[in-house]
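Here the structure is laid out as C-alpha coordinates; the discussion comes afterwards.
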Amino acid sequence: MKKKILKLQEEFNHRIAEIKDNEKLEKLKNEYIGRKGYITQMLKEIVTVPKEDRPEVGQLLNKVKKNIQQIIFEKEKSLAEHQEESKKIFDITIPGKNFKIGNIHPIDLILKQTQEIFLGMGFRFVDGPEIELDYYNFEGLNISKDHPARDDQDSFYITPDVLLRTQTSPMQVRTMEKQPPPVRIISTGKCYRRDSIDSTHAPMFHQIEGLAVDKDITFSDLKGVITEFCQQVFGKDRKVRFRPGYFPFVEPGAEVDVSCGLCKGKGCRSCGYTGWLEIMGAGMVHPNVLEMAGYDSEKLTGFAFGMGVERIAMLKYGINDIRLFFENDLRFLSQFK
Ligand code: 2NL
(Lines give C-alpha, C1' and ligand atoms only; values in the text may rest on other atoms or scores of the structure.)
Protein backbone atom coordinates (compact mmCIF):
# COMPACT_ATOMS: atom_id res chain seq x y z
CA MET A 1 0.00 0.00 0.00
CA LYS A 2 2.78 2.43 0.91
CA LYS A 3 4.45 1.74 -2.41
CA LYS A 4 1.18 2.29 -4.22
CA ILE A 5 0.75 5.68 -2.50
CA LEU A 6 4.25 6.83 -3.38
CA LYS A 7 3.78 5.69 -6.95
CA LEU A 8 0.55 7.65 -7.11
CA GLN A 9 2.37 10.81 -6.00
CA GLU A 10 5.11 10.24 -8.55
CA GLU A 11 2.67 9.63 -11.35
CA PHE A 12 0.76 12.78 -10.39
CA ASN A 13 3.94 14.86 -10.47
CA HIS A 14 4.64 13.73 -14.03
CA ARG A 15 1.11 14.34 -15.24
CA ILE A 16 0.68 17.81 -13.79
CA ALA A 17 3.90 18.96 -15.40
CA GLU A 18 2.31 18.28 -18.80
CA ILE A 19 -0.81 20.32 -18.16
CA LYS A 20 -1.23 23.68 -19.92
CA ASP A 21 -4.90 24.59 -19.61
CA ASN A 22 -7.64 24.84 -17.00
CA GLU A 23 -9.85 22.17 -18.49
CA LYS A 24 -7.20 19.45 -18.29
CA LEU A 25 -6.23 20.58 -14.82
CA GLU A 26 -9.83 20.26 -13.65
CA LYS A 27 -9.97 16.70 -15.00
CA LEU A 28 -6.73 15.74 -13.31
CA LYS A 29 -7.96 17.27 -10.05
CA ASN A 30 -11.10 15.10 -10.18
CA GLU A 31 -9.11 12.03 -11.08
CA TYR A 32 -6.89 12.34 -8.02
CA ILE A 33 -8.66 14.23 -5.26
CA GLY A 34 -12.28 14.20 -6.46
CA ARG A 35 -15.03 12.32 -4.62
CA LYS A 36 -14.38 9.19 -6.65
CA GLY A 37 -10.69 9.93 -7.13
CA TYR A 38 -7.67 7.76 -6.39
CA ILE A 39 -7.07 9.23 -2.96
CA THR A 40 -10.66 8.63 -1.79
CA GLN A 41 -10.41 5.15 -3.24
CA MET A 42 -7.25 4.45 -1.26
CA LEU A 43 -8.69 5.85 1.97
CA LYS A 44 -11.42 3.26 1.60
CA GLU A 45 -8.85 0.53 0.95
CA ILE A 46 -7.09 1.27 4.23
CA VAL A 47 -9.22 -1.42 5.92
CA THR A 48 -7.24 -4.02 4.01
CA VAL A 49 -4.01 -2.87 5.67
CA PRO A 50 -2.86 -4.71 8.79
CA LYS A 51 -4.05 -2.83 11.88
CA GLU A 52 -0.61 -1.94 13.20
CA ASP A 53 0.39 -0.36 9.87
CA ARG A 54 -2.76 1.70 9.44
CA PRO A 55 -1.68 4.89 11.29
CA GLU A 56 1.48 5.15 9.24
CA VAL A 57 -0.28 4.44 5.92
CA GLY A 58 -3.09 6.85 6.84
CA GLN A 59 -0.63 9.62 7.65
CA LEU A 60 1.26 9.05 4.40
CA LEU A 61 -1.95 9.11 2.40
CA ASN A 62 -3.04 12.36 4.06
CA LYS A 63 0.35 13.89 3.42
CA VAL A 64 0.19 12.94 -0.26
CA LYS A 65 -3.37 14.29 -0.50
CA LYS A 66 -2.35 17.64 0.99
CA ASN A 67 0.66 17.73 -1.26
CA ILE A 68 -1.43 17.12 -4.36
CA GLN A 69 -3.95 19.76 -3.27
CA GLN A 70 -1.17 22.26 -2.81
CA ILE A 71 0.38 21.52 -6.21
CA ILE A 72 -3.00 21.84 -7.93
CA PHE A 73 -3.64 25.13 -6.17
CA GLU A 74 -0.27 26.50 -7.33
CA LYS A 75 -0.91 25.30 -10.86
CA GLU A 76 -4.30 27.03 -10.95
CA LYS A 77 -2.67 30.26 -9.86
CA SER A 78 0.10 30.08 -12.40
CA LEU A 79 -2.31 29.27 -15.25
CA ALA A 80 -4.45 32.31 -14.34
CA GLU A 81 -1.41 34.58 -14.25
CA HIS A 82 -0.17 33.26 -17.53
CA GLN A 83 -3.51 33.96 -19.11
CA GLU A 84 -3.45 37.58 -17.89
CA GLU A 85 0.06 37.98 -19.19
CA SER A 86 -0.71 36.62 -22.64
CA LYS A 87 -3.78 38.88 -22.86
CA LYS A 88 -1.54 41.89 -22.24
CA ILE A 89 0.87 40.90 -24.97
CA PHE A 90 -1.44 39.62 -27.65
CA ASP A 91 -4.79 41.40 -27.49
CA ILE A 92 -4.51 43.66 -30.51
CA THR A 93 -8.22 44.50 -30.33
CA ILE A 94 -7.77 46.84 -27.36
CA PRO A 95 -8.22 50.41 -28.66
CA GLY A 96 -5.04 52.48 -28.81
CA LYS A 97 -4.37 55.30 -26.39
CA ASN A 98 -5.52 58.64 -27.76
CA PHE A 99 -2.77 61.22 -27.29
CA LYS A 100 -4.17 64.72 -27.16
CA ILE A 101 -2.04 67.13 -29.13
CA GLY A 102 -2.78 70.80 -28.65
CA ASN A 103 -3.10 73.27 -31.48
CA ILE A 104 -1.90 76.78 -32.14
CA HIS A 105 -4.06 79.65 -30.87
CA PRO A 106 -5.91 81.39 -33.74
CA ILE A 107 -4.16 84.67 -32.94
CA ASP A 108 -0.76 82.99 -33.17
CA LEU A 109 -1.88 81.33 -36.39
CA ILE A 110 -2.56 84.75 -37.98
CA LEU A 111 0.70 86.14 -36.55
CA LYS A 112 2.73 83.30 -38.01
CA GLN A 113 1.00 83.48 -41.38
CA THR A 114 1.50 87.25 -41.51
CA GLN A 115 5.16 86.98 -40.66
CA GLU A 116 5.63 84.44 -43.44
CA ILE A 117 3.92 86.71 -45.99
CA PHE A 118 6.00 89.77 -45.11
CA LEU A 119 9.24 87.80 -44.81
CA GLY A 120 8.49 86.69 -48.35
CA MET A 121 8.38 90.34 -49.42
CA GLY A 122 11.77 91.12 -47.85
CA PHE A 123 10.67 92.43 -44.46
CA ARG A 124 12.57 91.60 -41.27
CA PHE A 125 10.81 90.76 -38.05
CA VAL A 126 11.49 92.78 -34.88
CA ASP A 127 10.37 92.18 -31.32
CA GLY A 128 10.40 94.54 -28.37
CA PRO A 129 9.24 95.43 -24.86
CA GLU A 130 5.58 95.66 -23.89
CA ILE A 131 6.52 98.12 -21.13
CA GLU A 132 7.58 101.24 -22.99
CA LEU A 133 8.68 104.80 -22.55
CA ASP A 134 6.13 107.52 -23.29
CA TYR A 135 8.67 108.85 -25.78
CA TYR A 136 8.64 105.77 -28.03
CA ASN A 137 4.91 105.12 -27.69
CA PHE A 138 3.78 108.73 -28.32
CA GLU A 139 6.29 111.59 -28.62
CA GLY A 140 8.50 109.94 -31.24
CA LEU A 141 5.36 109.19 -33.27
CA ASN A 142 4.33 112.82 -33.50
CA ILE A 143 1.86 112.55 -30.60
CA SER A 144 2.81 115.29 -28.14
CA LYS A 145 1.62 115.32 -24.51
CA ASP A 146 -1.43 117.48 -25.33
CA HIS A 147 -2.34 115.72 -28.58
CA PRO A 148 -6.02 114.69 -28.78
CA ALA A 149 -4.98 111.32 -30.26
CA ARG A 150 -3.90 110.37 -26.73
CA ASP A 151 -7.58 110.24 -25.74
CA ASP A 152 -8.16 107.27 -28.07
CA GLN A 153 -5.10 105.47 -26.82
CA ASP A 154 -5.36 105.83 -23.07
CA SER A 155 -2.87 103.44 -21.53
CA PHE A 156 -1.98 101.75 -18.28
CA TYR A 157 0.72 103.95 -16.76
CA ILE A 158 3.46 102.60 -14.53
CA THR A 159 4.97 106.06 -13.97
CA PRO A 160 4.11 109.27 -15.89
CA ASP A 161 6.87 108.32 -18.38
CA VAL A 162 6.52 104.52 -18.45
CA LEU A 163 3.45 102.72 -19.77
CA LEU A 164 2.16 99.56 -21.39
CA ARG A 165 2.52 100.15 -25.14
CA THR A 166 -0.73 101.02 -26.92
CA GLN A 167 0.63 100.04 -30.34
CA THR A 168 3.61 98.18 -31.81
CA SER A 169 5.08 101.36 -33.36
CA PRO A 170 7.63 101.97 -30.55
CA MET A 171 9.81 99.18 -31.95
CA GLN A 172 9.75 100.85 -35.37
CA VAL A 173 11.05 104.09 -33.85
CA ARG A 174 13.69 102.18 -31.87
CA THR A 175 14.81 100.37 -35.04
CA MET A 176 15.13 103.61 -37.04
CA GLU A 177 17.20 105.13 -34.21
CA LYS A 178 19.50 102.11 -34.23
CA GLN A 179 20.07 101.39 -37.91
CA PRO A 180 20.64 103.43 -41.07
CA PRO A 181 18.13 103.13 -43.93
CA PRO A 182 16.91 101.19 -45.81
CA VAL A 183 14.48 99.77 -43.24
CA ARG A 184 11.94 97.07 -43.96
CA ILE A 185 10.50 95.67 -40.75
CA ILE A 186 7.44 94.01 -39.28
CA SER A 187 6.70 94.46 -35.59
CA THR A 188 4.09 92.27 -33.90
CA GLY A 189 2.90 91.64 -30.39
CA LYS A 190 0.62 92.47 -27.48
CA CYS A 191 -0.65 96.01 -26.97
CA TYR A 192 -2.74 97.50 -24.16
CA ARG A 193 -5.41 100.18 -24.01
CA ARG A 194 -7.82 101.36 -21.33
CA ASP A 195 -10.89 100.32 -23.32
CA SER A 196 -14.13 98.98 -21.92
CA ILE A 197 -14.59 95.35 -22.88
CA ASP A 198 -17.21 94.55 -25.49
CA SER A 199 -17.52 92.28 -28.53
CA THR A 200 -14.88 94.25 -30.46
CA HIS A 201 -12.68 95.69 -27.66
CA ALA A 202 -10.34 94.11 -25.15
CA PRO A 203 -7.78 95.84 -22.91
CA MET A 204 -5.11 93.58 -24.36
CA PHE A 205 -4.92 92.81 -28.05
CA HIS A 206 -2.36 92.12 -30.76
CA GLN A 207 -1.03 94.32 -33.52
CA ILE A 208 0.96 93.82 -36.66
CA GLU A 209 2.80 96.85 -37.97
CA GLY A 210 5.02 97.30 -40.95
CA LEU A 211 7.50 100.01 -41.87
CA ALA A 212 9.57 100.60 -44.98
CA VAL A 213 11.91 103.58 -45.29
CA ASP A 214 14.29 104.21 -48.17
CA LYS A 215 14.96 106.60 -51.04
CA ASP A 216 12.00 106.88 -53.44
CA ILE A 217 9.43 104.89 -51.50
CA THR A 218 5.99 105.89 -52.75
CA PHE A 219 2.32 105.34 -51.95
CA SER A 220 2.27 102.83 -54.86
CA ASP A 221 4.73 100.65 -52.98
CA LEU A 222 2.37 100.72 -49.99
CA LYS A 223 -0.60 99.77 -52.17
CA GLY A 224 1.30 96.90 -53.78
CA VAL A 225 2.51 95.44 -50.47
CA ILE A 226 -0.90 95.74 -48.77
CA THR A 227 -2.81 94.28 -51.72
CA GLU A 228 -0.45 91.30 -51.87
CA PHE A 229 -0.87 90.74 -48.11
CA CYS A 230 -4.69 90.92 -48.25
CA GLN A 231 -4.91 88.53 -51.18
CA GLN A 232 -2.61 86.02 -49.47
CA VAL A 233 -4.64 86.12 -46.24
CA PHE A 234 -8.19 86.39 -47.61
CA GLY A 235 -7.93 85.09 -51.16
CA LYS A 236 -6.85 86.15 -54.64
CA ASP A 237 -10.35 87.35 -55.56
CA ARG A 238 -10.39 90.13 -52.94
CA LYS A 239 -10.12 93.80 -53.88
CA VAL A 240 -8.42 96.42 -51.72
CA ARG A 241 -9.23 100.12 -51.48
CA PHE A 242 -7.60 103.07 -49.69
CA ARG A 243 -9.72 105.88 -48.19
CA PRO A 244 -8.31 109.04 -46.65
CA GLY A 245 -7.78 108.56 -42.91
CA TYR A 246 -6.01 110.42 -40.14
CA PHE A 247 -3.14 109.10 -38.00
CA PRO A 248 -0.69 111.59 -36.42
CA PHE A 249 2.36 109.58 -37.54
CA VAL A 250 1.56 109.50 -41.28
CA GLU A 251 0.85 112.05 -44.01
CA PRO A 252 -1.08 111.30 -46.11
CA GLY A 253 -2.90 108.66 -44.10
CA ALA A 254 -5.39 106.04 -45.21
CA GLU A 255 -7.89 103.52 -43.96
CA VAL A 256 -7.61 100.26 -45.86
CA ASP A 257 -10.67 98.18 -46.78
CA VAL A 258 -10.87 94.71 -48.29
CA SER A 259 -13.90 93.67 -50.36
CA CYS A 260 -16.44 91.56 -48.45
CA GLY A 261 -15.97 87.84 -49.06
CA LEU A 262 -19.59 86.92 -48.32
CA CYS A 263 -21.32 89.17 -50.86
CA LYS A 264 -18.31 89.67 -53.16
CA GLY A 265 -18.62 93.44 -52.69
CA LYS A 266 -22.34 93.69 -53.42
CA GLY A 267 -23.27 94.61 -49.86
CA CYS A 268 -24.69 92.40 -47.12
CA ARG A 269 -25.40 92.38 -43.40
CA SER A 270 -21.85 91.30 -42.54
CA CYS A 271 -20.25 94.33 -44.26
CA GLY A 272 -22.95 96.79 -43.23
CA TYR A 273 -24.27 96.86 -46.83
CA THR A 274 -21.13 98.68 -48.03
CA GLY A 275 -19.36 95.75 -49.73
CA TRP A 276 -16.18 96.62 -47.81
CA LEU A 277 -14.52 95.59 -44.53
CA GLU A 278 -12.06 97.91 -42.80
CA ILE A 279 -8.87 96.01 -41.96
CA MET A 280 -6.06 98.43 -41.24
CA GLY A 281 -4.61 101.93 -41.14
CA ALA A 282 -1.67 103.02 -43.27
CA GLY A 283 0.11 105.95 -44.82
CA MET A 284 3.37 107.67 -45.70
CA VAL A 285 5.58 108.16 -42.64
CA HIS A 286 5.25 111.72 -41.33
CA PRO A 287 8.42 113.82 -41.90
CA ASN A 288 8.44 114.71 -38.17
CA VAL A 289 8.66 111.00 -37.29
CA LEU A 290 11.60 110.49 -39.67
CA GLU A 291 13.40 113.57 -38.34
CA MET A 292 12.94 112.63 -34.68
CA ALA A 293 14.45 109.21 -35.42
CA GLY A 294 17.46 110.94 -36.99
CA TYR A 295 16.56 110.37 -40.64
CA ASP A 296 16.73 113.11 -43.28
CA SER A 297 13.14 113.67 -44.39
CA GLU A 298 14.33 115.57 -47.47
CA LYS A 299 16.12 112.50 -48.83
CA LEU A 300 14.03 109.65 -47.45
CA THR A 301 10.41 108.61 -47.60
CA GLY A 302 8.61 105.64 -46.12
CA PHE A 303 5.30 103.90 -45.72
CA ALA A 304 3.81 102.29 -42.65
CA PHE A 305 0.70 100.34 -41.76
CA GLY A 306 -0.86 98.82 -38.69
CA MET A 307 -3.61 96.31 -38.05
CA GLY A 308 -5.31 94.51 -35.19
CA VAL A 309 -4.66 90.77 -35.31
CA GLU A 310 -7.95 89.93 -33.55
CA ARG A 311 -9.85 91.90 -36.18
CA ILE A 312 -8.08 90.08 -39.02
CA ALA A 313 -8.81 86.70 -37.35
CA MET A 314 -12.47 87.65 -36.78
CA LEU A 315 -12.91 88.61 -40.44
CA LYS A 316 -11.02 85.60 -41.76
CA TYR A 317 -12.80 83.01 -39.61
CA GLY A 318 -16.18 84.74 -39.22
CA ILE A 319 -15.92 85.24 -35.44
CA ASN A 320 -18.26 87.83 -33.94
CA ASP A 321 -16.86 88.33 -30.42
CA ILE A 322 -13.25 89.24 -29.54
CA ARG A 323 -13.67 87.77 -26.04
CA LEU A 324 -13.70 84.25 -27.47
CA PHE A 325 -9.94 84.56 -28.09
CA PHE A 326 -9.18 85.12 -24.41
CA GLU A 327 -11.70 82.92 -22.58
CA ASN A 328 -9.65 79.78 -23.24
CA ASP A 329 -12.66 77.61 -24.06
CA LEU A 330 -11.18 74.58 -25.80
CA ARG A 331 -14.40 74.00 -27.74
CA PHE A 332 -13.62 77.28 -29.50
CA LEU A 333 -9.82 77.15 -29.61
CA SER A 334 -9.54 73.59 -30.90
CA GLN A 335 -11.34 74.53 -34.13
CA PHE A 336 -8.27 76.25 -35.57
CA LYS A 337 -5.87 73.71 -37.00
C1 2NL B 1 -4.23 101.26 -36.93
C2 2NL B 1 -3.32 102.20 -37.60
C3 2NL B 1 -1.08 102.50 -38.27
C4 2NL B 1 1.21 103.09 -38.54
C5 2NL B 1 0.23 102.37 -37.90
C6 2NL B 1 3.51 103.82 -38.21
C7 2NL B 1 4.69 103.54 -37.58
C8 2NL B 1 5.71 104.45 -37.72
C9 2NL B 1 5.56 105.55 -38.46
C10 2NL B 1 4.38 105.74 -39.07
CL11 2NL B 1 7.17 104.20 -36.91
N12 2NL B 1 3.36 104.90 -38.95
N13 2NL B 1 2.50 102.93 -38.09
C14 2NL B 1 0.87 103.90 -39.58
C15 2NL B 1 -0.46 104.03 -39.94
C16 2NL B 1 -1.45 103.32 -39.29
O17 2NL B 1 -2.00 101.75 -37.57
O18 2NL B 1 -5.39 101.52 -36.85
N19 2NL B 1 -3.76 100.14 -36.46
C20 2NL B 1 -4.56 99.16 -35.82
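Order of listing sets the numbers, starting from 1, for every ligand and every atom in it. Source: prediction; values computed, not measured. The first residue of the sequence shown is numbered 1, and numbering continues consecutively from there.
Shown here is Lys75, whose NZ atom has more than 12 heavy atoms of other residues, nucleotides or ligands within 6.0 Å. Residue Arg243 places its CZ atom among more than 12 non-hydrogen atoms of other residues, nucleotides or ligands, all under 6.0 Å distant. Within 6.0 Å of CD1 in Ile131 there are 12 or fewer heavy atoms belonging to other residues, nucleotides or ligands.
Salt-bridge formation is detected for the pair Asp237/Lys264: a Lys NZ or Arg NE/NH1/NH2 atom is positioned less than 4.0 Å from an Asp or Glu carboxylate oxygen. Taking the charged nitrogens against the carboxylate oxygens, Arg331 and Asp329 do have a contact shorter than 4.0 Å, which makes a salt bridge. We find that Glu18 and Lys24 are not joined by a salt bridge, their nearest charged nitrogen and carboxylate oxygen being 4.0 Å or further apart. Using a cut-off of 4.0 Å between Lys/Arg side-chain N and Asp/Glu carboxylate O, Asp53 and Lys2 are scored as not salt-bridged.
Proximity of Phe247 to ligand 1, defined as any heavy-atom pair under 4.0 Å, is confined to the side chain (atoms from C-beta onward). Proximity of Met280 to ligand 1, defined as any heavy-atom pair under 4.0 Å, is not found for any part of the residue. Of all the heavy atoms of Met307, the ones lying under 4.0 Å from any atom of ligand 1 belong exclusively to the backbone.
Residue Gln172 has at least one heavy-atom neighbour below 4.0 Å for each of these atoms of ligand 1: 11 (Cl). Close contacts of ligand 1 with Val250, meaning ligand atoms under 4.0 Å from a residue heavy atom, involve 10 (C), 12 (N), 14 (C), 15 (C). Applying the 4.0 Å criterion to heavy atoms of Leu141 picks out, from ligand 1, the atoms 8 (C), 11 (Cl). Within ligand 1, the atoms closer than 4.0 Å to a non-hydrogen atom of Gln207 are 19 (N), 20 (C), numbered from 1 in the order shown.
Polar contact with ligand 1: absent for Val289 (N/O pair, distance under 3.5 Å).
Nearest to atom 4 (C) of ligand 1 by heavy atom, out of Arg174, Gln167, Glu209, Met176, is Glu209. Looking at Tyr136, Phe249, Phe303, it is Phe249 that brings a heavy atom closest to atom 14 (C) of ligand 1.
What sits closest to atom 3 (C) of ligand 1 on the protein, heavy atoms only, is Gly306 N, 3.4 Å.
Taking the six-membered ring for Trp and the full ring otherwise, Phe219 and Phe242 have centroids separated by under 6.0 Å.
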